[in-house]
Student: 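Before anything else, here's the structure in question.
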Amino acid sequence: MNLVNLESVSHAYGPKPLLDDVSLGVGAGERIGVVGRNGGGKTTLMSVIAGVVKPDSGRVTHTRGLRVGHLSQRDDLDPDLPVREIVLGGRAEHEWAGDQAVREILANLIGDLDLDARAGELSGGERRRTALARLLIDEHDLIMLDEPTNHLDIEAIAWLAAHLSGRKSALVVVTHDRWFLDAVSTRTWEVVDGRVERYEGGYAAYVLAKAERARIAQAAEERRQNLMRKEIAWLRRGPPARTSKPKFRIEAAQALIANEPPPRESVELVKFATARLGKTVYDLEDVTLHAGGPGAGPLVLDRTTWQFGPGDRIGLIGVNGSGKSSVLRLLAGTVEADSGRVVRGRTVRLAHLSQELAELDPTRRVLETVEEIRKYIQVGKKEWTASQLLERLGFKGDAQWKVVGDLSGGERRRLQLLRLLMDDPNVLLLDEPTNDLDIETLNELEDLLDGWPGTLILVSHDRYFLERVTDRSVALLGDGRLSLLPGGVDEYLERRAAGAALTARTGLGATTSDAKNAKDATDAVSGPAEAPAGLSAKEERELRKELNRLERQLDKLGEQEAKLHAAMAEAAADYERLGSLDAELRDVLAQKDEVEAAWLEVADRLGD
């Protein structure tokens, strides 16, 4: 049974039709993820389904008594009301405190907030989480969420996915978080050119199905192009149009040409050349760092020694407030360590993308902001102007003369990325680069970073993006250390959950700022790890460098192994070639075993 039906719905803002003769329905218990480009009509579709916006034409019907919970991108919280009243309404404390489901929602979304604080005193992220908690506490037949993961950290996003999957309500969600889409949705709608294309499955299934559709369409297009070329070739060779036959052929060719599809609009990023890095990029030597300056704010690093080497692709993970941005600012040189030393390589050309967009002058024109970095750039054998690159990034025609202050968040983010990359860096520090970017732009950014040979350190709550572009994960777990996570985000979530369970048992308190307690809890969960007893700071630094070198060597051997397996699959019928490849593979595997043994020995000495 459908809860909501749309029949021939059309809606436009100005001359641009966002929905054009759309007919669809949302069934009971369905879980639908909505994707599409920024400005393509996703939010409009959500508003029409929720009944917030009346379409220009067509009909929208809801089942009688339908309870709809709608989280829009803009909250409607009364600034004078306290959080307690907004979220819990008139519920008595003994009533909601005895409800495990309510306590869980409060703990995971607004556990760090004072329930008596007024909404007007909250930050944008806190208001967003408050609005989401209010919605989830109530019962609904249909839950509609527009970018619910904004301002949530990885841990909270994982909890929200599990929570929504356990509810019986139908769900329609708009998000650019592809991991979240895969976790909660069983169907995918793509809003494109006023249409809504429907696919079975979550994001991964949608990508595969779309690729198959594209393959079929490409085959059909190739057949059509071949036919068109034959028609035009016949027209050139044939006699003048004195009979019905040539006339028919001319009409057939014109029909084919008239059906030529328009060029597909896509955001393209140019792969910029990078300056060569030496052996040293960043070495942290016995560094202590507090988030608010020397001795102020939470402890981020406590006498930490670490090395970021050339070609490292590292994802930095931690809860909100753990100090991830502070570490990036330390590497960028915008804040100083309380103590210790940060050694920066002499050949480092740094580009730091912060979360703030205030670095762009709001009074300048888009083209001017790019040309002040560089007017021309050599890409391969072709020279590109700043204007040409902007056009490829979606700033077409008059859009290049927009004032920066009038750009949307996504447009400013793209512009900022382009400016950074045009400066030809070899080290990228990216702090939440996926904010306000649609999925198509994210795909292009991932493709760019795939071929980018410098050192990359990334902070992102977008788990899909994080796992896609980085090779290793490092966590800030509140113990003043950088902890290597061989198991990636999954290991991080397990360690956080185990640490929370231990905290609950020992009564340390959910939000203790005591770094020693946090370290003890982590060690108790992950097992006793021997400290590098007897090692001097210099010896520990050298061991860290050796550990990083071995890890890079393992990565290279892994790549060689994968290439050899692929080559053996291609040479399945060539026994002589197979024998040669097999010998190479055995040699690579032997080297890999030796390097792994060396890595374990070094890690054991360090106590990692």
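Below, all heavy atoms of this structure are taken into account, side chains as well, without hydrogens, waters or symmetry copies. Because the structure is predicted, anything quoted here is derived from the model rather than measured.
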Student: Less than 4.5 Å apart, any side-chain heavy atom of L350 and any of R344?
Tutor: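 Yes - at least one pair of side-chain heavy atoms lies under 4.5 Å apart.
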Student: More than 12 foreign heavy atoms under 6.0 Å from CD of E336: is that the case here?
Tutor: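 At most 12 heavy atoms, drawn from other residues, nucleotides or ligands, come within 6.0 Å of this atom.
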Student: Using side-chain heavy atoms (C-beta onward) and a distance below 4.5 Å, is W179 in contact with F465?
Tutor: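 They are not in contact (no side-chain heavy atoms under 4.5 Å apart), so the answer is no.
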Student: Show me the donor-acceptor pairs, under 3.5 Å and distance only, between side chains in residues 80-88 and residues at least two apart or in other chains.
Tutor:
{"from": "R84", "atom 1": "NE", "to": "D116", "atom 2": "OD1", "distance (Å)": "3.3"}
{"from": "R84", "atom 1": "NH2", "to": "D116", "atom 2": "OD1", "distance (Å)": "3.3"}

Student: Sequence neighbours left out, what passes salt bridge (charged side-chain N to carboxylate O under 4.0 Å, His left out) with K402? Give chain and number order.
Tutor: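 Only E411 meet the salt bridge (charged side-chain N to carboxylate O under 4.0 Å, His left out) criterion with K402.
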Student: Can you tell me how far apart OG (S339) and CG (D286) are? Round to the nearest 0.5 Å.
Tutor: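 Separation between the atoms: 6.5 Å.
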Student: Give, for atom CZ of R481 and atom CG of L477, the distance between the pair rounded to the nearest 0.5 Å.
Tutor: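 R481 CZ to L477 CG: 8.5 Å, rounded to 0.5 Å.
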Student: Are any of the side-chain heavy atoms of V348 and V281 separated by less than 4.5 Å?
Tutor: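 In contact.
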Student: Can you list everything that forms a salt bridge (charged side-chain N to carboxylate O under 4.0 Å, His left out) with R365? Sequence neighbours excluded, please.
Tutor: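 Salt bridge (charged side-chain N to carboxylate O under 4.0 Å, His left out) list for R365, sorted by chain: empty.
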Student: Should the heavy atoms of other residues, nucleotides or ligands under 6.0 Å from CZ of R468 be counted, would the total exceed 12?
Tutor: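 Count over threshold, so yes.
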Student: Parallel, tilted or perpendicular: which fits the ring planes of H163 and W159, with parallel below 30° and perpendicular above 60°?
Tutor: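 It falls in the parallel class, under 30°.
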Student: Could you tell me whether the side chain of Y282 reaches within less than 4.5 Å of the side chain of T455, counting heavy atoms only?
Tutor: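 SC-SC contact between T455 and Y282 ruled out.
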Student: So, do T434 and H176 sit near enough that their side-chain heavy atoms are less than 4.5 Å apart?
Tutor: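 No - every pair of side-chain heavy atoms lies 4.5 Å or more apart.
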